[in-house]
A.B. asks: 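Have a look at this one.
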Protein chains: 2
Amino acid sequence: MTQPRKATIYDIARLSGASPSTVSAALSGAWKARRISESTVETIRKIAAEQGYATNMQARGLRQARSGLVGLIIPVHDNRFFSSMSQSFEAQARDRGLVPVIASSLRDPAEEMRIVETLASYAVEYLFVAGATDPDSISAFCNAAGLRHIFVDLPGNGGPSVISDNHRGATDLAEKLLAEKPDLPQEARNKIYFLGGNRSSHATSRRIEAFRAALTRHGTPPSPEQIITCGYAPRSAMREIAALMDRLGGLPAGLFVNSLTAFEGVLGHFVNLPPEAFAQSVIGCYDYDPFAAYLQFPVHMVRQNSNHMIEQAYALIDRGINDARVIEVEPELIQPRTIYKGLFGEMG
Amino acid sequence: MTQPRKATIYDIARLSGASPSTVSAALSGAWKARRISESTVETIRKIAAEQGYATNMQARGLRQARSGLVGLIIPVHDNRFFSSMSQSFEAQARDRGLVPVIASSLRDPAEEMRIVETLASYAVEYLFVAGATDPDSISAFCNAAGLRHIFVDLPGNGGPSVISDNHRGATDLAEKLLAEKPDLPQEARNKIYFLGGNRSSHATSRRIEAFRAALTRHGTPPSPEQIITCGYAPRSAMREIAALMDRLGGLPAGLFVNSLTAFEGVLGHFVNLPPEAFAQSVIGCYDYDPFAAYLQFPVHMVRQNSNHMIEQAYALIDRGINDARVIEVEPELIQPRTIYKGLFGEMG
DNA sequence: AGCGGTTGCACAATCGATAGTGCAAGAGAT
DNA sequence: ATCTCTTGCACTATCGATTGTGCAACCGCT
């Protein structure tokens with residue numbers, strides 16, 4: 001109610017008797033370098049506080065050709081893997097005095113590109129792209145625009161990438177599925193299925209490689225029908241698992257679900273099954289969700305270390321690295337029916 | 001590689017032979033009003049496209065005193081309720097040609113206030129605040145700064161609010177817990193517990209009211225120890241449920257968990273229990289998570305309609321409403337072991 | 001040819017902050 | 001008292017876009 005419009009350095013200058021440039025220096029912290037006396041600074045600070053002054057970041061950004069913004073593009077918000085990443089990204093951005101802007105592309109390349117352009121328009125200082133659907137176009141654009149960018153989760157060829165060690169994570173998970181229980185004959189036990197994801201994505205193809213290699217090591221290379229890459233949408237995963245169970249007359253000995261979203265779809269089907277249906281099966285999911293860790297049946301989950309991935313990405317930026325190197329971060333296999341300890345580590 | 005720096009309207013002006021103001025009009029869409037010929041516009045558009053021109057939003061924002069940004073503050077990202085809200089918020093922001101900026105406060109009032117100030121510095125056009133911890137301070141600041149704001153999930157006194165009908169949702173859930181199974185004597189069956197949240201928050205206090213009223217209707221008003229408001233942190237919820245089960249020698253006949261984060265903590269304890277432990281209990285949780293819908297024991301969940309809440313909030317903005325009215329949106333009780341249909345509705 | 005009315009565009013001010021530069025007043029040295 | 005520094009600050013241009021205003025050129029008409 002004091003003022004309808006926000007106070008500017010000109011208002012503060014008028015009220016304090018100083019010039020706008022002095023006010024700017026006083027409030028921006030540049031006053032020492034500009035030899036403004038401490039007493040003047042104090043006066044100005046007091047008046048600024050009274051007036052509720054706040055720097056107009058658009059003006060500062062325009063003048064400095066910087067914005068103080070960092071962008072992160074993720075496929076979706078409502079997914080534990082990406083929302084955890086958002087949480088880490090935001091915390092680390094703040095630690096650096098940057099303001100995080102997070103946008104979701106819904107895995108649509110056109111939307112993704114539009115977001116990149118929008119964020120560039122706002123002069124974000126760095127752009128993190130998680131789960132990029134079209135990394136090359138993004139790099140082309142960013143390199144032309146002089147925008148530093150870094151890929152997370154899925155790698156790109158036009159800039160540095162931090163991804164998780166998908167081969168390792170998938171190997172661990174596949175071996176787990178093969179090693180666990182069912183008192184089935186060896187051959188039946190090896191008949192495990194891979195479900196979800198997109199073959200053209202780097203992560204999925206690495207995971208499939210690992211899956212295939214694990215089965216091969218165990219003496220029974222998978223047939224093509226054992227690898228069902230039906231995308232990430234819950235609905236299609238639900239359709240596929242239903243069709244598969246129809247064909248097999250029940251669950252396979254093991255199921256490797258390739259993302260939380262696909263897993264949601266799988267659950268959409270499981271919901272109709274009796275508990276006994278799971279007796280002869282082992283279920284695994286690449287990615288972790290604390291609730292999924294306590295379902296009716298045990299689920300082996302791979303927890304990607306999104307916090308560490310973001311740390312590494314910021315570290316690359318700090319080191320001024322712009323070339324197309326790839327850094328891999330180790331994921332962790334979580335025992336079924338356990339809640340990840342880190343979840344409780346830093347709280348209360 | 002074309003240019004190290006981004007092209008500006010001055011560059012386009014030089015290349016096209018037009019003046020900067022003409023270029024601006026051509027590219028911003030104002031050319032008709034400014035009587036720029038269509039052929040000139042075409043030429044300019046072509047050159048702009050070649051140069052990869054993109055409007056500098058900081059400059060535009062400075063000049064127009066608008067930014068094209070809308071802010072949303074949520075407590076945390078990695079929670080299904082809030083991340084779903086983010087998803088809705090983002091989609092609806094884009095529909096309006098606005099760029100969403102989402103920040104999390106971690107339920108820290110100081111951090112929350114800092115975020116409000118930061119977003120104000122960037123001249124966001126509207127500010128949505130979900131789960132506000134200190135709504136009055138936010139309103140005071142925003143009203144002084146001329147920043148339109150709206151509360152979601154938790155109401156405020158200094159601006160319009162869209163919240164869910166907590167009393168209704170909690171009544172439905174409490175009645176469900178009271179109605180379900182156990183073949184216990186009436187009195188033991190009525191001994192259900194409320195766990196989590198913060199008494200000083202409006203949502204929690206309304207839910208407690210409803211909880212209390214439901215028990216009273218059934219003839220056994222709750223004793224104080226039946227209502228455990230231990231905040232939202234998983235860790236403290238875990239501690240409290242452990243302590244409670246210690247006191248009771250097992251689970252109570254019913255447990256009303258007051259948030260997903262608290263529920264995570266509860267699961268952290270349940271993880272150590274045998275399946276039989278749940279035989280005589282009914283579990284409910286205020287808020288919905290698709291994975292939680294398929295745990296070892298059935299869980300009754302209340303799904304708040306965050307998408308509709310965001311719609312209503314935008315509608316208030318459109319209608320130019322700034323007073324402190326409160327709009328309530330109906331939540332939905334989800335049957336255990338069902339996956340919310342909407343989850344699959346709009347996908348592939 | 002002269003006149004009022006469009007067309008199509010250029011000029012210049014402006015948004016708020018920052019940064020290069022210049023200058024008066026005071027301190028210190030001789 | 002003069003000269004040289006230093007201190008403390010004001011002036012002014014600038015970032016890139018938008019917008020109010022002015023003005024030639026051209027049109028049709030008389």
Side-chain angles (χ1 to χ4, degrees), chain A residues 3-45 48 51-68 118 120-123 125 145-146, chain B residues 3-45 48 51-68 118 120-123 125 145-146:
Chain A
Q3 282 175 267
R5 302 212 37 65
K6 297 217 59 176
T8 70
I9 52 169
Y10 297 91
D11 299 322
I12 311 295
R14 194 161 14 78
L15 291 170
S16 69
S19 76
S21 61
T22 299
V23 173
S24 167
L27 297 175
S28 73
W31 58 276
K32 270 197 164 152
R34 291 184 79 80
R35 297 192 319 233
I36 309 295
S37 76
E38 193 144 4
S39 67
T40 305
V41 172
E42 279 314 317
T43 313
I44 290 174
R45 281 212 184 116
Q51 298 298 312
Y53 171 84
T55 308
N56 180 325
M57 294 306 281
Q58 317 207 62
R60 171 183 288 176
L62 175 58
R63 180 59 229 250
Q64 298 189 326
R66 308 177 62 250
S67 63
T118 302
S121 279
Y122 282 92
E125 312 203 358
Chain B
Q3 282 175 266
R5 301 214 36 66
K6 297 218 58 175
T8 71
I9 52 169
Y10 298 91
D11 299 322
I12 311 296
R14 193 162 12 79
L15 291 170
S16 69
S19 76
S21 60
T22 299
V23 173
S24 167
L27 298 175
S28 72
W31 58 275
K32 270 198 162 152
R34 291 183 78 80
R35 297 191 321 232
I36 308 294
S37 75
E38 194 145 3
S39 67
T40 306
V41 171
E42 280 314 316
T43 313
I44 290 175
R45 280 210 185 120
Q51 298 298 311
Y53 171 83
T55 307
N56 180 325
M57 295 305 282
Q58 316 208 61
R60 170 182 289 177
L62 175 58
R63 179 60 227 251
Q64 297 188 327
R66 308 178 60 253
S67 64
T118 302
S121 279
Y122 282 93
E125 312 202 358

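In the text below, chain A, chain B and the rest are named by the order of the sequence lines, each starting its count at 1.
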A.B. asks: Are side-chain heavy atoms of A/Trp31 and A/Glu38 found at a separation under 4.5 Å?
C.D. replies: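 Yes, their side chains come closer than 4.5 Å.
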A.B. asks: Taking 4.0 Å as the cut-off, does a side-chain nitrogen or oxygen of A/Ser28 come that near to OP1 or OP2 on C/dA17?
C.D. replies: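 No, A/Ser28 has no side-chain N/O under 4.0 Å of OP1/OP2 on C/dA17.
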A.B. asks: Just call it for B/Gly29: base, sugar-phosphate, or nothing, with non-hydrogen atoms closer than 4.0 Å on any strand.
C.D. replies: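 Result for B/Gly29 = nothing.
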A.B. asks: Could you state the atom-to-atom distance from CD1 of A/Ile12 to C1' of C/dA17 in whole Å?
C.D. replies: 13 Å
A.B. asks: May I ask you to test the A/Ser67-B/Met57 pair for a side-chain heavy-atom distance under 4.5 Å?
C.D. replies: no
A.B. asks: How long is the line joining NZ of A/Lys32 and C1' of D/dG8, in whole Å?
C.D. replies: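 My rounded result for the distance is 16 Å.
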A.B. asks: Rounded to whole Å, please give me the gap between CD1 in A/Ile9 and C1' in C/dA19.
C.D. replies: 12 Å
A.B. asks: Ignoring backbone atoms, test whether B/Gln64 places a side-chain nitrogen or oxygen under 4.0 Å from the OP1 or OP2 oxygen of D/dT19.
C.D. replies: yes
A.B. asks: If you check the B/Ile36 side chain, which of D/dA10, C/dC9, C/dG16 turns out closest?
C.D. replies: C/dC9
A.B. asks: Return the value, rounded to whole Å, for the distance between atom CD of A/Glu38 and atom P of D/dC9.
C.D. replies: 12 Å
A.B. asks: What integer distance in Å separates B/Leu27:CG from D/dG16:C1'?
C.D. replies: 13 Å
A.B. asks: For A/Tyr10 and A/Thr22, find the nucleotide of DNA chain D closest to each by heavy atoms; which residue's nucleotide sits nearer the 5' end?
C.D. replies: A/Thr22
A.B. asks: Evaluate the side-chain proximity of B/Asn56 to B/Thr8: yes if any heavy-atom separation is below 4.5 Å, no if none is.
C.D. replies: no
A.B. asks: Would you say A/Tyr53 reaches C/dA17's phosphate, i.e. side-chain N/O to OP1/OP2 under 4.0 Å?
C.D. replies: yes
A.B. asks: Do the side-chain N or O atoms of B/Ser37 get closer than 4.0 angstrom to the phosphate oxygens (OP1, OP2) of C/dC9?
C.D. replies: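 So the side-chain polar atoms of B/Ser37 do come within 4.0 Å of the phosphate oxygens OP1 or OP2 of C/dC9, strictly under.
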A.B. asks: Taking only residues two or more places apart in sequence or in another chain, which ones pass side chain to side chain donor-acceptor pair (under 3.5 Å) with A/Gln64?
C.D. replies: none
A.B. asks: For A/Arg60, report the nucleic acid contact type (base, sugar-phosphate, nothing); a contact means any heavy atom under 4.0 Å.
C.D. replies: sugar-phosphate
A.B. asks: To the nearest angstrom, how far is B/Arg66 atom CZ from C/dC15 atom P?
C.D. replies: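 My rounded result for the distance is 18 Å.
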A.B. asks: Side chain of A/Thr8: nearest nucleotide among D/dA10, D/dA17, C/dA17?
C.D. replies: C/dA17
A.B. asks: Cut-off 3.5 Å, side chains only: do A/Thr40 and A/Thr43 have a donor facing an acceptor?
C.D. replies: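 No, no side-chain donor-acceptor contact under 3.5 Å.
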A.B. asks: Would A/Ser24 and A/Ser21 count as having a side-chain donor-acceptor pair, cut-off 3.5 Å?
C.D. replies: no
A.B. asks: Describe the nucleic acid contact of A/Ala18 in one word from base, sugar-phosphate, nothing, applying a heavy-atom distance below 4.0 Å.
C.D. replies: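 Sugar-phosphate contact only - A/Ala18 comes under 4.0 Å of backbone atoms but never of a base.
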A.B. asks: On DNA chain C, check which nucleotide each of B/Val41 and A/Met57 is closest to and give me the residue with the more 5' one.
C.D. replies: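 That would be B/Val41.
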A.B. asks: Send over the distance from A/Ile44 CD1 to C/dA17 P, rounded to a whole Å.
C.D. replies: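 Those two atoms, CD1 and P, are 13 Å apart.
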A.B. asks: Taking the side chain of A/Arg35 as heavy atoms from C-beta outward, which of D/dA13, D/dT7, C/dC9 is closest to it?
C.D. replies: D/dT7
A.B. asks: Rounded to the nearest angstrom, tell me the gap between atom CG in A/Asn56 and atom P in C/dT18.
C.D. replies: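 Atom-to-atom, A/Asn56 to C/dT18, this comes out as 10 Å.
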A.B. asks: For D/dT19, does either OP1 or OP2 sit under 4.0 Å from a side-chain N or O belonging to B/Ser21?
C.D. replies: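 Indeed not, no polar side-chain atom of B/Ser21 lies that close.
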A.B. asks: Any N or O donor-acceptor pair under 3.5 Å from the base of C/dG20 to the side chain of A/Arg34?
C.D. replies: yes
A.B. asks: Please work out if B/Ser24 contacts a base, only the sugar-phosphate, or nothing of the nucleic acid, heavy-atom cut-off 4.0 Å.
C.D. replies: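 Counting heavy atoms under 4.0 Å across all strands, the contact made by B/Ser24 includes a base.
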